[in-house]
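The structure appears below as structure tokens.
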Amino acid sequence: PYTGKICLFGGAFSEGGSWGSKKDIFEFDPLSASISMLLEKLPEVRSRATAFYPDESGEIYIVGGDLSGFPRSDILIFDPVSKTFTTSSVSLPKPLAYAGGAYVSDIRTAYILGGSTYVFQSQYMLNDIVEIRFFELLPPSGLTASLVEGSKVRLDWLPSPSANAA
């Protein structure tokens with residue numbers, strides 16, 4: 001369910017000339033203009049990820065990001081009520097950091113735009129578009145991936161075989 005709060009996942013820090021990623025989760029309440037750090041943490045350190053919230057699912061999807069200098073291709077699913085994570089059975093077609101993301105509720109589709117496959121050099125910036133379409137809201141095992149055209153990939157949320165058996 002919708003909580004009315006904004007979650008911030010991970011982040012980067014610099015200390016003594018070196019930098020790293022964090023596991024922290026912050027929750028911003030726009031009504032009280034307050035921010036608090038949750039006791040719960042990301043399963044692994046992560047920075048430079050994008051996230052979106054398909055309101056129909058009640059979960060937040062954290063896509064890609066950086067693990068201490070190495071872009072990630074996984075998709076984490078965060079339940080803001082139970083404060084728990086699951087990992088999607090489908091990954092991005094390639095690891096991405098610095099990507100932007102948005103969810104369009106009218107067509108139940110998320111877009112992951114651009115990004116980089118290499119954290120330290122900008123010549124690896126991409127013009128890719130990943131489209132994630134939600135046909136039915138099921139557990140993460142319901143995701144399937146398919147190439148749409150060129151560098152555009154679609155991840156479809158489809159009924160799992162057990163959902164069709166009923």
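For the atom pair E59 CD and T86 OG1, the distance stands at 6.0 Å (nearest 0.5 Å). In this structure, I77 CD1 and I60 CD1 are separated by 11.5 Å, a value rounded to the nearest 0.5 Å. Rounded to the nearest 0.5 angstrom, S91 OG and I75 CD1 are separated by 6.5 Å.
In terms of heavy-atom proximity, S21 sits nearest to R46 at CB-N, 3.7 Å. When every heavy atom of S47 is checked against every heavy atom of A12, the shortest pair comes out as CB-N, 3.8 Å. Residues P71 and A97 approach most closely at CB-N, 4.0 Å, considering heavy atoms. The shortest non-hydrogen separation linking L42 to K22 is CD1-O, 4.0 Å. What you find for I62 and A49 is that their closest heavy atoms are CG2-CB, 3.9 Å.
By the salt bridge (Lys or Arg N to Asp or Glu O under 4.0 Å) test, E44 is found to be paired with R72, residues two or more places apart in sequence or in another chain being considered. The salt bridge (Lys or Arg N to Asp or Glu O under 4.0 Å) test applied to K41 returns D24, not counting sequence neighbours. Taking the ring-ring contact (aromatic ring centres under 6.0 Å, His included) definition, one finds that F78 meets it with F9, F85, sequence neighbours left out.
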Identify each donor-acceptor pair in which a side-chain atom of residues 29-36 lies under 3.5 Å from a protein atom, sequence neighbours left out, and give them as a table.
| from | atom 1 | to | atom 2 | distance (Å) |
| --- | --- | --- | --- | --- |
| D29 | OD1 | L31 | N | 2.9 |
| S32 | OG | S34 | OG | 2.6 |

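Side chains of F70 and P95 form no contact here, defined as non-hydrogen atoms less than 4.5 Å apart. Between I25 and K83, the closest side-chain pair of non-hydrogen atoms is not below 4.5 Å.
L92 and F52 fall within the same hydrophobic cluster, where Ile, Leu, Val, Met, Phe, Trp and Tyr residues are linked whenever their side-chain heavy atoms come under 4.5 Å apart, directly or through other members. Linking ILVMFWY residues whenever their side-chain heavy atoms come closer than 4.5 Å, directly or via other members, leaves L8 and Y61 in distinct clusters.
Each ring-ring contact (aromatic ring centres under 6.0 Å, His included) pair with one or both residues in residues 23-46, not counting sequence neighbours, would appear here, but there are none.
The other members of the hydrophobic cluster of L67, by chain and number, are V45 (side-chain heavy atoms under 4.5 Å, ILVMFWY only).
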